[in-house]
Amino acid sequence: TTSPHTTYMQKCISLAEQSPPRPTNFRVGAILLSRKDDDRILSTGYTMELAGNTHAEQCCFANYAAVNKVAEEQVGEVLPVESGRKLIMYVSMEPCGKRLSGNAPCVQRITRTRDGGREGIHKVYFGVKEPTTFVGESEGCKMLSAAGIEWEHVPGLEKEILSVAVAGHENPEEEVKSALGKVGTNVDDI
Ligand SMILES: Nc1nc(=O)c(N)c(NC[C@H](O)[C@H](O)[C@H](O)COP(=O)(O)O)[nH]1
Ligand SMILES: [Zn+2]
């Protein structure tokens, strides 16, 4: 049997497969849900789902914000606050801490949900560490920890996630192999 985390990660991969392949980013999928003993899916998103150079996590928030008639930047204000329930994000790849475009990184969009004393996003699950392709050693996890947001790597789907993520790149097979070579590191080093 697979863990519920693996099932959600597989859903993130299906979302990522809808993203138009580009050499300049990764194809990623994201799911936002509210969890107690049951899960309530609040939103999903994938890279470039929405116009512009958008990320999966960004689209996930933007889609929820739109339904609630606020801009993506204000999504924290409309996310549900319900006693005993936790806001959880599943993303196929570690949320970005830096973007070559200079646009706001997804870690910032995630930590921003905690503004105004709200709990915001409680925990982020991701299936693979961001490869060094664009920004070198990724800082996303460290930045989440620094903001007091839990994160966890869901192992087992790295090859599938990376293959989808780099489909639009020059040498996708090479890039996957090289990134997998690094994935052998101890999870604590992620
Ligand atoms: N977690 C995550 N979700 C995404 O939807 C996505 N595309 C990336 N990609 C991270 C990568 O570091 C950036 O795509 C490059 O740094 C280029 O930056 P832009 O995307 O052009 O802002 N990461
Ligand atoms: Zn991002």
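Atoms within a ligand are numbered from 1 in the order they appear, just like the ligands themselves.
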Query raised in the report: Taking atom types as modelled, is there a side-chain donor on Gln10 or His5 under 3.5 Å from an acceptor on the other?
Result: no
Query raised in the report: Are Cys96 and ligand 1 in contact, using a heavy-atom cut-off of under 4.0 Å?
Result: yes
Query raised in the report: Which residues satisfy the salt bridge (Lys or Arg N to Asp or Glu O under 4.0 Å) test with Asp39, sequence neighbours excluded?
Result: Arg35
Report task. May I ask you to identify, for Phe26, whether its side chain, its backbone, both or neither come under 4.0 Å of ligand 1 on a heavy-atom basis? Result -> both
**Report entry** Glu139 bridged to Lys98 by N-O distance under 4.0 Å
**Finding:** no
Query - Residues, nucleotides or ligands: over 12 heavy atoms within 6.0 Å of Glu170 CD - result: no
Report summary line: So the atoms of ligand 1 within less than 4.0 Å of a heavy atom of Ala56 turn out to be 4 (C), 5 (O)
Requested in this report: Give the residue, atom name and distance (to 0.1 Å) of the protein heavy atom nearest atom 10 (C) of ligand 1.
Outcome: Glu130 OE2, 3.4 Å
Requested in this report: Any chance you could lay out the salt bridge (Lys or Arg N to Asp or Glu O under 4.0 Å) test for Glu137 and Lys129, step after step, and finish with the verdict?
Outcome: CA-CA 9 Å; Glu137 273 312 302; Lys129 181 174 159 47; 3.4 Å; yes
Query - Heavy-atom gap Glu94 to ligand 1 smaller than 4.0 Å - result: yes
Report task. Using a cut-off of 2.8 Å, find all protein N, O or S atoms closer to the Zn ion (ligand 2) than that distance. Result -> His55 ND1, Cys96 SG, Cys106 SG
Query raised in the report: What's the verdict on side chain to side chain donor-acceptor pair (under 3.5 Å) for Gln58 and Arg99, showing C-alpha distance, side-chain angles and the deciding distance?
Result: CA-CA 12 Å; Gln58 177 180 0; Arg99 293 174 58 164; 3.0 Å; yes
Query - Selected option - heavy-atom contact closest to atom 18 (O) of ligand 1, from Val135, Thr54, Thr133, Leu100 - result: Leu100
Query raised in the report: How far is atom 8 (C) of ligand 1 from its nearest protein heavy atom, and which residue and atom is that?
Result: His55 CE1, 3.4 Å
Query raised in the report: What is the ring orientation for His169 with Phe134, classed by angle as parallel under 30°, tilted 30 to 60°, or perpendicular over 60°?
Result: perpendicular
Query raised in the report: Which of the atoms in ligand 1, numbered in the order shown and given with their element, are less than 4.0 Å from a heavy-atom of Glu57?
Result: 1 (N), 2 (C), 3 (N), 4 (C), 5 (O)
Requested in this report: Provide the full list of ring-ring contact (aromatic ring centres under 6.0 Å, His included) pairs with a residue in residues 53-86, sequence neighbours left out, each pair given once.
Outcome: none
Query raised in the report: Going by atom types alone, do Glu49 and Thr54 pair a side-chain donor with an acceptor below 3.5 Å?
Result: no
Query raised in the report: Hey, is Arg112 close enough to Glu72 for a salt bridge, meaning N to O under 4.0 Å?
Result: yes
**Report entry** Tyr125 ring center near Trp151 ring center (under 6.0 Å)
**Finding:** no
Query raised in the report: Atoms of ligand 1 less than 4.0 Å from Thr24 heavy atoms?
Result: 14 (O), 17 (C)
Requested in this report: Run the numbers for me: atoms of ligand 1, each under 4.0 Å from some heavy atom of Phe134, listed by number.
Outcome: 11 (C), 12 (O), 15 (C), 16 (O)
Query raised in the report: Which residue supplies the protein heavy atom nearest to atom 19 (P) of ligand 1, what is that atom called, and how far is it?
Result: Asn53 ND2, 3.4 Å
Report task. Using a strict 4.0 Å cut-off to heavy atoms of Met93, name the atoms of ligand 1 that fall inside it. Result -> 1 (N)
Query raised in the report: Step by step, would you call Glu130 with Val135 a side chain to side chain contact (heavy atoms under 4.5 Å, CB included)?
Result: CA-CA 9 Å; Glu130 178 178 350; Val135 295; 3.6 Å; yes
Requested in this report: Would you check the N or O atoms of Ser101, main chain and side chain alike, for any that come under 3.5 Å of an N or O of ligand 1?
Outcome: yes
Query - Ligand-residue contact atoms, ligand 1 with Pro95, heavy atoms, under 4.0 Å - result: 1 (N)
Report task. Could you list all the side-chain hydrogen bond (donor to acceptor under 3.5 Å, both in side chains) pairs where at least one residue sits in residues 12-34, not counting sequence neighbours? Result -> Ser34-Arg85
Requested in this report: Using a strict cut-off of 4.0 Å, indicate which atoms of ligand 1 neighbour a heavy atom of Asn25.
Outcome: 7 (N), 14 (O), 20 (O)
